[in-house]
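This report concerns only the one structure given below.
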Amino acid sequence: MQSEVFNPGDETNRFIEQADGAGAAVTFTGLVRSSADNPTKRMTLEHYPALAQSQLENMASEATKRFKLLKVTIIHRFGMMHPNEPIVQVMALSPHRQAAFDGANFIMDWLKTDAPFWKYEETPDGAKWVEAKAIDDKAKDKWKA
Amino acid sequence: MQSEVFNPGDETNRFIEQADGAGAAVTFTGLVRSSADNPTKRMTLEHYPALAQSQLENMASEATKRFKLLKVTIIHRFGMMHPNEPIVQVMALSPHRQAAFDGANFIMDWLKTDAPFWKYEETPDGAKWVEAKAIDDKAKDKWKA
Amino acid sequence: MKILYFAWLRERLNRSEDEFDVPNSVSNVDELIDWIGENDEAAKMAFENKKLIRAAVDEKIVEHDYSIAGAKTIAFFPPMTGG
Amino acid sequence: MKILYFAWLRERLNRSEDEFDVPNSVSNVDELIDWIGENDEAAKMAFENKKLIRAAVDEKIVEHDYSIAGAKTIAFFPPMTGG
């Protein structure tokens, strides 16, 4: 976890360098979204540091075990950020492609509902706390054993 | 398509720069696998250029339409390559994370069975054409409408 | 017992933490929410819709019926929106 | 009609392409495979297990019952192993 902006490609390269024996790497990058219809001036991510740290570690080790991954790295920012900046990056390395896809997807689905971060968005129309989406709760269900 | 090695992170960064309005980018990188159990000295990818080009274009546009992606890029090498070098990279950009995951996963599943590339592996025990796996045919089935 | 508040809960209460001597009769998270609201109108309103309140006891996310016996830190927050 | 061969098919035939005048009586991919093998022992052996032979007619992947009438280029290859 860090407040500084990170470079998605540099992180991917550093991650892939540890690929000895792996055949597949999947990188998910979440970005501060801002479109013409829904412009965002800036976003602030509040977090609960101790719990966030342990939740991200739990998710990484659960995904590693469940999908037999070779390696997982999660980068999550907090604090203030601007449109098109990366917020989060999840990387999964595996001998097989489906495990790498599933591992990264699983972590993102859990992270959306179980990592203690809260988005505060400032738009030209005012500022507001982003509301949790029911669809995010459902996304988690597909991983139920 | 290219024979030169590419830099996965640089390609991801170039791709993400086009992210205006996107919230999610998924990058899949396939690497030349070589482990202690199954060492590979080098791999050569033979391809059928005209058909490969049109198949990759078809897959990119089918995925874009099906998952409402903002952008898709596929990089596929041919010719000779060495362990841990990237072979293929598929990138999908979308407002929503699941569409980005599904788009990249869909393209990889189709690419494995429907893009005219053939792997020739040289190991300490000799050289052989890699055999197609039944599991790859099955992977495609999950996208049947 | 230390109580932490995050996001719009923190804003509505206008503070990020409290330090309380919670009586033993308050046994779980749900009862703690009611107890905090008893003498604090702002808290009572902020906690009004309990469905929107998530809780963590000593850095573990829990349901509202979870026991708070012996807990050191209890955090309250809205549904998470990270990632 | 131009015929292309890839991967181990190319290796076993020891050439990457042929140029044939295919008679009109040879109407689809399956019949073309048999026709090529008739006067060519190496081709006959290479094509022996037809289940392992994929085909493309004018840069379109097709089944073995696909018509070759008017086709310019037909390619034969093993199951693909890219990605």
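Heavy-atom basis, side chains included; hydrogens, waters and symmetry copies ignored. Just so it is clear, the structure is predicted and the values come from calculations on it, not from any experiment.
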Note each donor-acceptor pair with a separation under 3.5 Å, taking one atom from chain B and one from chain A.
| unit_1 | atom_1 | unit_2 | atom_2 | d |
| --- | --- | --- | --- | --- |
| B:Asn7 | OD1 | A:Asn13 | ND2 | 2.7 |
| B:Gly9 | N | A:Asn13 | OD1 | 2.8 |
| B:Asn13 | OD1 | A:Gly9 | N | 2.8 |
| B:Asn13 | ND2 | A:Asn7 | OD1 | 2.7 |
| B:Asp20 | OD1 | A:Asn84 | ND2 | 2.7 |
| B:Gly21 | N | A:Ser34 | O | 3.4 |
| B:Gly23 | O | A:Leu31 | N | 2.8 |
| B:Ala25 | N | A:Thr29 | O | 2.9 |
| B:Ala25 | O | A:Thr29 | N | 2.8 |
| B:Thr27 | N | A:Thr27 | O | 2.8 |
| B:Thr27 | O | A:Thr27 | N | 2.8 |
| B:Thr29 | N | A:Ala25 | O | 2.8 |
| B:Thr29 | O | A:Ala25 | N | 2.9 |
| B:Leu31 | N | A:Gly23 | O | 2.8 |
| B:Arg33 | NH1 | A:Pro95 | O | 2.7 |
| B:Ser34 | O | A:Gly21 | N | 3.4 |
| B:Asn84 | ND2 | A:Asp20 | OD1 | 2.7 |
| B:Pro95 | O | A:Arg33 | NH1 | 2.7 |
| B:Arg97 | NE | A:Asp109 | OD1 | 3.1 |
| B:Arg97 | NH1 | A:Asp136 | OD1 | 3.0 |
| B:Arg97 | NH2 | A:Asp109 | OD1 | 3.0 |
| B:Arg97 | NH2 | A:Asp136 | OD1 | 3.3 |
| B:Gln98 | OE1 | A:Lys142 | NZ | 3.2 |
| B:Asp109 | OD1 | A:Arg97 | NE | 3.1 |
| B:Asp109 | OD1 | A:Arg97 | NH2 | 3.0 |
| B:Asp136 | OD1 | A:Arg97 | NH1 | 3.0 |
| B:Asp136 | OD1 | A:Arg97 | NH2 | 3.3 |
| B:Lys142 | NZ | A:Gln98 | OE1 | 3.2 |

Region of B:Pro95 that comes under 4.5 Å of a non-hydrogen atom in chain A: both
Is B:Ala92 close to chain A through its backbone or its side chain, or both, or neither, when contacts mean heavy atoms under 4.5 Å? neither
Heavy atoms only: give me the nearest A:Ala104-A:Val90 pair and the separation to one decimal. CA-CG1, 4.0 Å
Could you check A:Met43 against A:Ile87 for side-chain contact (heavy atoms from CB on, under 4.5 Å), going step by step and ending with a plain yes or no? CA-CA 10 Å; A:Met43 172 182 282; A:Ile87 306 169; 4.2 Å; yes
Minimum heavy-atom separation for B:Ala63 to B:Phe106, with atom names? CB-CD2, 3.8 Å
Heavy-atom pair with the smallest gap, counting every atom of A:Phe28 and A:Gly30: CE2-N, 3.5 Å
Return the CE to CZ distance between B:Met91 and B:Phe15, rounded to the nearest 0.5 Å. 6.0 Å
Quick check for you: to the nearest 0.5 Å, what is the distance between B:Leu69 atom CG and B:Leu93 atom CG? 8.5 Å
What distance do A:Phe6 atom CZ and A:Ile75 atom CD1 have between them, rounded to the nearest 0.5 Å? 5.0 Å
